[in-house]
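What follows is a set of notes on a single structure, which appears directly below.
First listed ligand is number 1; within each ligand, the first listed atom is number 1.
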Amino acid sequence: MSQKIRGVKGTRDVLPIDTYVKDEDPWVRIGHYDRVEQSARDLFPLYGYREARTPVLERTELFVRGIGEVTDIVGKEMYTFDDRGESVTMRPENTASLVRAYVEHNVNQQEPETKWWYLGPMFRRERQQRGRYRQFTQIGIEAFGSPGPRIDAEQIELLDRWLRTLGIPFEMHLNTLGDAACRPKYREALQAYLRSRASELCEDCRKRIEANPIRVLDCKNPKCQEVAAGAPRMEQFLCEPCQVHFLGVQEMLARLGVGFVLDPKLVRGLDYYTRTTYEAIATSGLGSQSTVAGGGRYDGLVKELGGPDIPGIGFAAGVERMALILTQQGKERVTRPLVFIAPLGDAEAVRADALAQQLRAAGLAAEVSFRKANPGNQLKRADALGARFALVLGEQELKTDRAKLKELKTGAQHEVSLSALPDEVRRLATAG
Ligand code: ATP
Ligand code: MG
């Protein structure tokens with residue numbers, strides 16, 4: 001035997017086999033992913049979001065400008081390579097790409113407001129942990145052209161509804177970062193405070209004091225968190241318009257009945273992230289990687305990436321983390337073959353293939369046994385597959401066009417006509 005080739009570190013396979021625990025990290029079954037994705041596909045269009053797909057590969061420059069050189073992502077986590085003289089990067093997130101597409105296709109000239117959602121793999125060279133991978137999947141939304149605050153609250157309500165629909169326990173955290181008018185003063189005050197306590201900070205945070213002081217507030221190091229707890233708060237520095245905006249978001253959330261907690265630690269480190277930030281944090285099931293979705297307003301980003309001065313806001317949710325929670329809850333929607341057909345001989349096999357074809361053409365799931373086995377074993381196999389009905393086809397059935405459709409859960413036998421099988425199955429399936 002040749003040597004096995006293993007998957008790349010930090011990537012994972014999502015397979016349609018039973019969940020099992022490996023290194024404390026449950027293998028996630030495809031059904032959980034499917035539930036998360038399908039619920040987004042169903043829900044987001046109800047709010048006017050339409051799907052957009054952008055490439056995995058983008059010019060590196062897009063992320064350097066769109067995420068920022070001083071961030072962990074751009075500083076050390078990107079998969080960047082030289083493509084014959086051009087530096088390209090596998091997207092670490094999707095907002096910058098969507099903004100690029102929005103600007104490149106002059107979308108603002110076609111519609112004053114745009115709502116897009118997306119789903120796809122993202123790549124970051126991070127330390128692998130439970131809930132943290134090098135290839136992971138995000139589902140997110142972006143809204144361009146609305147200065148808010150009503151769109152902010154609408155997005156938070158959407159996220160709230162989505163997570164509730166899925167049965168994910170969470171808490172919605174909310175903060176404001178101010179804007180170009182008021183944040184600089186806050187930044188200075190924060191810097192002065194952090195310099196005075198620099199010796200207590202981790203190495204990364206000591207560097208952040210000058211480059212990106214606001215990021216110190218969400219450092220996960222416990223000592224840095226202690227320092228952050230005593231830091232001056234943005235709230236005390238907000239200018240009038242930012243204050244009005246923030247109160248507007250909170251009022252509308254209250255009107256819509258969405259619960260939230262104010263959390264001054266929720267930050268984005270870069271100047272084009274303004275005002276509202278929000279995060280849905282799981283209250284059980286994830287341990288330290290507990291942020292399920294993070295969002296915020298980026299009023300300066302479209303301009304930063306060469307477009308007009310148009311505001312934007314969005315969130316990104318981690319599908320693996322959501323699926324992990326669902327795995328632990330054991331909730332899964334599974335699609336199983338509805339009818340399992342077991343032919344006993346060659347002539348019956350030919351008929352079985354045709355019957356399966358007719359069932360599928362009628363939108364009914366069907367699976368044909370390709371093995372030679374006695375009827376008892378065939379029924380066992382149908383049961384293991386979770387089929388609803390089993391049909392054993394022998395000479396007699398072909399001759400008379402009559403067969404017994406066995407309902408596996410109850411053991412009930414229904415006599416059906418083979419030539420009208422799709423209609424018979426549909427009738428029985430809807431009857432109970
Ligand atoms: P964290 O603080 O957990 O590192 P982040 O601030 O880097 O998150 P965002 O860039 O805002 O996260 O991404 C939004 C969501 O995408 C996260 O809340 C998380 O659910 C998911 N996510 C981010 N990075 C990863 C990863 N490496 N593996 C799995 N999911 C991830
Ligand atoms: Mg991160």
Considering non-hydrogen atoms only, spot the tightest contact between K265 and D218 and give its length.
-> O-CB, 3.7 Å
Lys/Arg N to Asp/Glu carboxylate O, [X] vs [Y], below 4.0 Å:
X    : Y    : result
D179 : R183 : no
R297 : D152 : yes
R41  : E37  : no

Which ligand 1 atoms, with their elements, are less than 4.0 angstrom from a heavy-atom of [X]?
X    : result
V292 : 18 (O), 20 (O)
K220 : 1 (P), 2 (O), 4 (O)
Q138 : 13 (O), 14 (C), 15 (C), 16 (O)

Would you indicate which of [options] comes nearest to [atom] when only heavy atoms are counted?
atom                    : options                : result
atom 29 (C) of ligand 1 : G318, G131, G295, G294 : G131
atom 27 (N) of ligand 1 : M122, E126, R12        : E126
atom 31 (C) of ligand 1 : Y133, F123, F136       : F136
atom 12 (O) of ligand 1 : R134, E93, E279, R124  : R124

Report yes or no: does R132 have a heavy atom closer than 4.0 Å to ligand 1?
-> yes
Taking the non-hydrogen atoms of E320, is any one of them nearer than 4.0 angstrom to ligand 1?
-> no
Think R381 forms a cation-pi with F340, using NZ or CZ under 6.0 Å from the six-ring centre and within 45 degrees of its axis?
-> no
Examine the side chains of E142 and T95 and answer whether a donor and an acceptor come within less than 3.5 Å of each other.
-> yes
Are side-chain heavy atoms of L428 and F389 found at a separation under 4.5 Å?
-> yes
